[in-house]
Colleague: 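A single structure is presented below for examination.
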Amino acid sequence: MLAAKAKDIELKGKTVAELADRVLPALTAAMKLLGKQAPAEADNFRSTILLAIEAAQVHPDKPSTITAEMARKITAALDAAGQDRPELQKAIEEIVDSGLVGVTLRVHDERGEWAGSAGVAELGGSAKPPINGHVRIGSNTKTFTATVVLQLVAQGKIGLDIPAADYLPEFGLDERITVRMLLQHTSGVFNFTGEVYDDGTIAPGIPIPYSTTGKEWMDNRFKTYRPQELVELALSKPPRFEPGTGWSYSNTNYVLARLLIEKVTGRSVAEEMQRLILGPLGLSVTMVPDGPEIPGPHAHAYYRYEDGGEQKTIDITRQNPSWISSGGDMISTTQDLHTFISALLGGKLLPAPLLAEMCTPHPTGIPNMDYGLGVFVLTTDGGGTVISHNGAAVGHAALMYSTPDGSKTLTAALNCVDDADLSIAAAFQNAQRRLLNEVFGGGQADPAQPTD
């Protein structure tokens with residue numbers, strides 16, 4: 001097709017990306033035609049291109065912004081030619097109708113890859129959320145952090161069942177708390193974003209976007225918190241239970257894991273993430289941010305609050321995620337989340353014994369939903385197992401599901417209007433459940449959010 005149209009294509013442009021804008025529509029057209037005439041060959045061709053893109057980006061010491069932009073454009077061209085999956089498109093449109101602003105979904109399964117979006121990227125606008133836009137991934141960050149810790153375990157720098165206090169003596173941690181307990185949420189350490197006890201009692205932590213501190217958080221959303229002060233605040237409160245005697249989701253565990261990584265390596269968690277995960281997998285757009293910015297393209301995040309008796313909705317796409325730290329501060333895309341979870345469960349990041357440890361379910365008390373080391377282990381309605389972690393990050397959310405071997409994945413990005421009452425929570429959980437049912441045959445939604 002390119003050869004036939006060669007005379008009609010004027011390759012004018014100053015950059016490689018600009019040239020690609022003129023050529024890639026032909027790739028989309030060719031893929032659509034091939035998909036109609038020989039679907040199997042179209043899948044093979046697509047897989048070959050994606051493998052080539054992945055190989056071209058694996059330069060951890062010299063990441064190329066040009067290569068990353070080209071990869072994004074080629075992936076977008078392939079997405080535009082994706083298979084017709086009306087049931088998936090209908091699902092995300094119905095999710096938007098339930099109260100979300102926008103949804104982007106990416107599915108890799110036996111039928112190939114499908115990506116689509118519904119809703120809008122911005123209130124008052126008409127453009128859909130970008131297919132591979134950046135999103136704040138919330139508690140998905142925990143899976144990345146746990147993977148780095150386990151890689152350091154594999155290197156002999158950390159012992160999984162060694163007391164965390166041996167590595168972080170400055171905090172006076174209970175000597176019974178092991179590294180495993182941090183990753184497994186069985187340490188009992190107070191959650192610095194606050195605790196809700198079984199009897200309904202609330203023990204507040206730092207100001208968060210929810211409950212009675214929403215306005216205070218919103219007014220100070222650009223404040224920078226140091227990880228150490230989050231831990232110190234948590235340790236100034238009584239523990240929720242004795243180490244190893246219960247399970248409770250606590251962001252403090254993962255800030256301690258971050259500090260542990262930095263202590264044993266002498267490098268920042270962002271540098272270790274780049275060295276051990278992002279670089280090797282070519283995840284050129286995934287990052288640990290050091291400020292309020294989020295790169296484009298992206299859908300917008302919103303927050304609704306009351307001010308002087310008046311309801312106001314503001315754009316909070318720019319916010320400093322240091323308040324949640326490694327409990328949920330990272331930025332990624334649906335494509336990078338797919339690449340990560342598929343590679344992780346496919347055995348490309350951890351030795352088999354440690355991957356098995358990561359995915360070994362520990363009871364949480366939630367039906368059909370156990371926790372490993374940085375991942376939820378879900379049992380679907382059909383009796384199957386799905387490995388997952390999801391997260392919300394005030395107006396943004398990201399979903400990440402996979403079969404245990406990494407062969408089938410679902411990743412999604414959501415944008416919404418959040419508020420102190422978490423009124424979007426029902427729509428968020430329904431979205432998870434609906435998509436899980438469509439792709440994996442049913443299951444329970446993962447309730448993990450940064451404030452849990």
Colleague: Thinking salt bridges, do Lys90 and Asp97 make one under a 4.0 Å N-O criterion?
Modeller: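 Here Lys90 does not pair with Asp97 in a salt bridge, since their nearest N and O are not under 4.0 Å apart.
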Colleague: Side chains of Thr286 and Ser332: donor-acceptor distance under 3.5 Å anywhere?
Modeller: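 Thr286 vs Ser332: donor-acceptor pair found between side chains.
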Colleague: Under the ring-ring contact (aromatic ring centres under 6.0 Å, His included) rule, collect the residues that match up with His396, sequence neighbours excluded.
Modeller: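 Residues passing ring-ring contact (aromatic ring centres under 6.0 Å, His included) with His396: none at all.
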Colleague: Distance-only criterion, 3.5 Å: show the donor-acceptor pairs between side-chain atoms of residues 230-237 and protein atoms not counting sequence neighbours.
Modeller:
| unit_1 | atom_1 | unit_2 | atom_2 | d |
| --- | --- | --- | --- | --- |
| Ser236 | OG | Leu233 | O | 2.5 |

Colleague: For residues 195-204, tabulate all N or O donor-acceptor pairs below 3.5 Å that involve a side-chain atom, not counting sequence neighbours.
Modeller:
| unit_1 | atom_1 | unit_2 | atom_2 | d |
| --- | --- | --- | --- | --- |
| Glu195 | OE1 | Arg240 | NH1 | 2.5 |
| Glu195 | OE2 | Asn191 | N | 3.0 |
| Asp199 | OD1 | Thr201 | N | 2.9 |
| Asp199 | OD1 | Thr201 | OG1 | 2.8 |
| Asp199 | OD2 | Thr201 | OG1 | 3.2 |

Colleague: Please work out which of the three classes, parallel, tilted or perpendicular, describes the rings of Tyr305 and Tyr303, given edges at 30° and 60°.
Modeller: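 If you compare the ring of Tyr303 with that of Tyr305, the planes turn out parallel.
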Colleague: If you define the side chain from C-beta out and look only at heavy atoms, does anything of Thr403 sit under 4.5 Å from Ile387?
Modeller: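 In short, these two side chains do not touch, never coming nearer than 4.5 Å.
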Colleague: Can you name the ring-ring contact (aromatic ring centres under 6.0 Å, His included) partners of Phe144, sequence neighbours left out?
Modeller: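 For Phe144 the ring-ring contact (aromatic ring centres under 6.0 Å, His included) partners, ignoring immediate neighbours, are Phe340.
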Colleague: Taking all heavy atoms of Pro292 and all of Phe222, pick out the closest pair and write down the distance.
Modeller: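 Taking every non-hydrogen atom into account, CB-CD2, 3.8 Å.
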Colleague: For residues Leu349 and Leu276, report the shortest heavy-atom separation together with the two atoms involved.
Modeller: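 Smallest heavy-atom distance, with atoms named: CD2-O, 4.0 Å.
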Colleague: Is the shortest distance from a Lys or Arg side-chain nitrogen in Asp161 or Arg180 to a carboxylate oxygen in the other one below 4.0 Å?
Modeller: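 A salt bridge is present here (some side-chain N lies under 4.0 Å from a carboxylate O).
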Colleague: Side-chain contact, heavy-atom cut-off 4.5 Å: Thr265 with Leu152?
Modeller: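 With C-beta onward as the side chain, the pair touches.
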Colleague: Salt bridge check, Glu306 against Lys312: does any charged N sit closer than 4.0 Å to a carboxylate O?
Modeller: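 Looking at Lys312 and Glu306, the cut-off is not met.
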Colleague: Would you call Arg434 and Glu438 a salt bridge, using N to O less than 4.0 angstrom?
Modeller: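 Salt bridge flag = yes for Glu438 with Arg434.
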Colleague: Could you tell me which residues satisfy salt bridge (Lys or Arg N to Asp or Glu O under 4.0 Å) with Glu87, sequence neighbours excluded, listed by chain and number?
Modeller: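 Only Arg85, Arg111 meet the salt bridge (Lys or Arg N to Asp or Glu O under 4.0 Å) criterion with Glu87.
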Colleague: Considering residues, nucleotides and ligands other than Lys263, do more than 12 of their heavy atoms fall under 6.0 Å from its NZ?
Modeller: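 Counting neighbours around NZ of Lys263, more than 12 heavy atoms of other residues, nucleotides or ligands fall under 6.0 Å, so yes.
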Colleague: Would Gln335 and Thr333 count as having a side-chain donor-acceptor pair, cut-off 3.5 Å?
Modeller: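 The criterion, which ignores hydrogens and geometry beyond distance, is not satisfied for Thr333 and Gln335.
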Colleague: If the condition is salt bridge (Lys or Arg N to Asp or Glu O under 4.0 Å), which residues does Lys157 pass it with, not counting sequence neighbours?
Modeller: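 Per chain and number, Lys157 pairs via salt bridge (Lys or Arg N to Asp or Glu O under 4.0 Å) with no residue.
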Colleague: Is the number of heavy atoms from other residues, nucleotides or ligands under 6.0 Å of Asp307 CG greater than 12?
Modeller: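 For Asp307, atom CG is crowded (more than 12 foreign heavy atoms under 6.0 Å).
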Colleague: Whether the Thr145 and Lys142 side chains hold a donor-acceptor pair (N or O, under 3.5 Å, no angle test) is what I'd like checked.
Modeller: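 The answer is no; no qualifying pair exists.
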Colleague: Relative to each other, are the rings of His389 and Tyr371 parallel, tilted or perpendicular (30° and 60° limits)?
Modeller: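 Ring orientation, 0 to 90° scale: perpendicular.
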Colleague: So, are Glu262 and Arg267 salt-bridged, with charged N and O less than 4.0 Å apart?
Modeller: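 Here Glu262 does not pair with Arg267 in a salt bridge, since their nearest N and O are not under 4.0 Å apart.
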